[in-house]
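Here is how names work: the chains are called A, B, and so on, in the same order as the sequence lines, proteins then strands, and each is numbered from 1.
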Amino acid sequence: MRSPADNASFASLFAPPHSLTRREASVTLLSLLGRVYCTRENGLDRRMAEEKLPTRAQDFSEWYNQLVLKAQLADYAPVRGCMIVRPYGWALWENMQQALDRRFKATGHQNVAFPLLIPRSFIDKEKHHVEGFSPELAVVTIGGGEKLAEPLVIRPTSETIIGHMWSKWIQSYRDLPVLMNQWNSVVRWELRTKLFLRTLEFYWQEGHTAHATRGEAEIETRQMLDIYADFAVNDAAIPVIPGKKSDAEKFAGADVTYSIEGMMGDGKALQSGTSHFLGQNFAQAFEVKYLDQGGQLQHCWTTSWGLSTRVIGAIIMVHGDDQGLVLPPKLAPYQVVIVPIYKTDEEKSSVIEAARKLKSELVATNVRVTLDGREGPSPGWKFNDWEMRGVPVRVELGPKDVAKSAAVLARRDRPGREGKISSPLRGMPEAIAQLLVEIQQAMHDKALAFRKANTHHAKSYDELKMAVENGFAYSYWCGSADCEAKIKEETRATMRCIPIDQSLGEENAKVDGDGTCVYCGQPAPERAIFARAY
RNA sequence: CGGGGCGUAGCGCAGCCUGGUAGCGCGCCUGCCUUGGGCGCAGGAGGUCCCGAGUUCAAAUCUCGGCGCCCCGACCA
């Protein structure tokens with residue numbers, strides 16, 4: 001955890017007269033807050049300080065940073081703003097990839113691979129695209145020791161190079177639609193970075209489609225948004241609000257951008273997937289044209305959509321608690337961990353035998369399971385370790401359990417004794433499978449309840465200001481960029497989206513007719529979510 | 001790019017103000033002992049004190065200049 005002295009920037013806000021040193025100032029501040037921090041003078045506290053995370057209430061940002069490192073999801077790369085995804089984090093991403101890829105394939109998309117390097121001139125071809133992306137491009141100017149005739153940019157996204165190729169491949173209405181996706185990484189030179197949420201390079205999928213008609217492309221855009229929402233809700237257990245972005249927030253080059261927005265554990269919003277209706281903007285810039293049935297040359301209508309490793313950050317921040325990660329069973333690298341407990345060699349052999357048998361039964365029923373056979377750490381240590389790493393179900397198996405052909409099951413989403421039950425070994429794979437389903441549902445319901453509790457239907461500007469302090473404000477907005485900009489300037493909250501479902505999923509919610517803008521009081525047809533965002 | 005903080009063993013830090021033998025905890029290795037909620041004891045290995053210049057008999061410590069990272073703002077998936 002952070003020592004008081006590390007909080008100097010915070011403490012400096014309250015800096016007393018210069019007669020006090022910085023540390024004294026910090027201590028003064030902390031005692032004002034009435035909070036007891038562990039001291040560096042006490043050896044025991046010191047050890048605990050290193051093993052325990054800060055609580056989310058103490059410092060949400062630091063809780064997140066330390067958890068990502070301690071759970072071994074990722075680490076900082078030697079290059080500023082870049083991350084290394086470690087095996088545990090990548091296993092989570094692989095499960096996410098499979099869940100999404102399955103849905104993409106089921107809706108007719110095919111995977112492809114386009115190059116990392118894109119001619120600089122391609123980016124320049126679409127007016128809004130170049131304006132949006134120029135500041136954050138990484139550019140290669142030298143290759144093989146020679147200065148390049150034309151600089152190459154490292155892809156920030158692939159609309160341009162795909163448009164270029166489509167112009168060659170697409171000739172006829174019979175070639176349409178083209179439904180492609182690629183899993184890759186992209187680079188955007190962000191100024192301020194945070195593991196998973198915003199790094200210079202990040203991993204994602206980018207889908208790109210071309211259609212004969214506007215209507216078809218619009219349907220595709222919405223279909224992919226629905227797929228993202230379905231994935232978020234059913235696999236990541238994250239309730240999200242699908243909606244439309246304002247002009248200020250939309251993708252550079254899109255006519256319409258949709259997103260799914262989730263509420264994190266600190267009440268801030270995270271855009272967790274986007275789907276763009278690109279109109280004919282890129283088709284015109286790259287001359288993606290086809291002959292229709294009447295022999296007329298037409299520009300295609302295109303879409304693009306992406307979901308990134310940022311959602312790993314969402315999973316951490318939505319479900320995590322003060323003990324660490326809480327991973328949704330459908331995506332968790334390990335759904336079950338078996339912790340064997342024994343003293344003597346005799347106990348060890350019978351316990352390990354039972355544990356191995358259980359493990360193979362679980363494997364046979366397609367449960368992702370690991371047996372923690374490490375010799376060094378004590379069982380108690382392992383409990384805490386796997387809790388921190390978010391494994392949904394822990395099986396505690398010791399001599400007492402073996403004696404009665406049972407084991408203790410502990411639910412990660414219900415910490416402490418409350419989440420523990422003794423369960424017979426016979427039929428345990430089925431019981432665990434059922435438990436995983438329950439946990440998945442409970443996690444979603446908990447997150448939804450949290451979002452509801454922190455979403456306020458703010459009718460006045462004062463109410464909005466209050467609401468965005470720790471959650472979402474849901475308010476009528478006239479649609480003007482001026483009001484949007486003023487709200488952002490004055491509250492640091494941005495317009496997240498205009499929810500497609502204006503009832504926010506409340507079955508019996510009364511959807512009011514037209515209202516008046518929360519900022520200017522002019523007539524407003526729709527309500528929008530305002531929140532501070534990552 | 002502005003404001004702040006930090007850089008000393010794998011990790012977390014103390015030492016710096018007031019220059020003189022480089023330390024503590026965790027982790028790691030060996031042995032014993034323990035194991036049902038972060039065991040214990042003993043021994044051991046491990047250092048370019050971020051880099052460079054300067055001051056000095058002597059620099060982790062003082063001065064100047066770089067570099068890097070983290071946090072807070074402006075920009076963003």
Which nucleotide wins on minimum distance to the side chain of [X], given the candidates [options]?
X	options	result
A:R198	B:rG37, B:rC76, B:rU35	B:rC76
A:V408	B:rG37, B:rC76, B:rG36	B:rG36
A:D385	B:rG36, B:rC70, B:rG38	B:rG38
A:Y76	B:rC39, B:rC1, B:rC70	B:rC70
A:S61	B:rG36, B:rG37, B:rC72	B:rC72
A:K420	B:rG38, B:rG37, B:rG36	B:rG37
A:P379	B:rC39, B:rG36, B:rG38	B:rG36
A:R192	B:rA74, B:rC70, B:rG38	B:rA74
A:E136	B:rU35, B:rG37, B:rC76	B:rC76
A:E190	B:rG38, B:rG36, B:rC75	B:rC75

Paired with [N] by Watson-Crick or G-U wobble geometry, both distances under 3.5 Å: which nucleotide is it?
N	value
B:rA42	B:rU30
B:rG65	B:rC51
B:rU56	none
B:rG73	B:rC1
B:rC16	none

Note to self: With nearest nucleotide decided by heavy atoms, which residue, A:T274 or A:T344, maps closer to the 5′ end of RNA chain B?
What the structure shows: A:T344

Next item on the list: Could you check A:R188 against A:E375 and say which one's nearest nucleotide on RNA chain B is further toward the 5' end?
Entry: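 Upstream on the strand: A:E375.
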
Next item on the list: Assert yes or no for the condition that the ring centre distance of A:F104 to A:W305 is strictly below 6.0 Å.
Entry: yes

Rounded distance in Å between the [atom1] positions of [N] and [M]:
N	M	atom1	answer
B:rG25	B:rA14	P	16 Å
B:rU30	B:rC24	C1'	22 Å
B:rG2	B:rG38	P	49 Å

Note to self: Less than 4.0 angstrom from a charged side-chain N to a carboxylate O is my criterion; do A:K382 and A:D385 meet it?
What the structure shows: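 No, no charged N to carboxylate O under 4.0 Å.
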
Check: Do the side-chain N and O atoms of A:E220 and A:Q223 include a donor-acceptor pair separated by under 3.5 angstrom?
Finding: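 Checked: A:E220/A:Q223 side chains pair up, N/O donor to acceptor below 3.5 Å.
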
Could you pull out the protein-nucleic contacts involving nucleotides 41-45 of chain B (nitrogen or oxygen on both sides, under 3.5 Å)?
none

Does a side-chain N or O from [X] land closer than 4.0 Å to OP1 or OP2 of [N], or not?
X	N	result
A:K70	B:rG12	no
A:N65	B:rC70	no
A:S378	B:rG38	no
A:R492	B:rG73	yes

Solution key, residues 255-262 of chain A side-chain donor-acceptor pairs under 3.5 Å, sequence neighbours excluded:
{"unit_1": "A:D255", "atom_1": "OD1", "unit_2": "A:N281", "atom_2": "ND2", "d": "2.9"}
{"unit_1": "A:T257", "atom_1": "OG1", "unit_2": "A:F251", "atom_2": "N", "d": "3.0"}
{"unit_1": "A:T257", "atom_1": "OG1", "unit_2": "A:H276", "atom_2": "ND1", "d": "2.8"}
{"unit_1": "A:S259", "atom_1": "OG", "unit_2": "A:E261", "atom_2": "OE2", "d": "2.8"}
{"unit_1": "A:E261", "atom_1": "OE1", "unit_2": "A:R496", "atom_2": "NE", "d": "3.2"}
{"unit_1": "A:E261", "atom_1": "OE2", "unit_2": "A:K245", "atom_2": "NZ", "d": "2.8"}

Could you tell me which residues satisfy side chain to side chain contact (heavy atoms under 4.5 Å, CB included) with [X], sequence neighbours excluded, listed by chain and number?
X	value
A:I341	A:P379, A:F383, A:E396
A:L116	A:I154, A:R155
A:P399	A:E347, A:V351
A:S61	A:D59, A:N65, A:K194

Item checked: Nearest-Å distance for atom pair CH2/C1', residues A:W189 and B:rC1 -> 15 Å

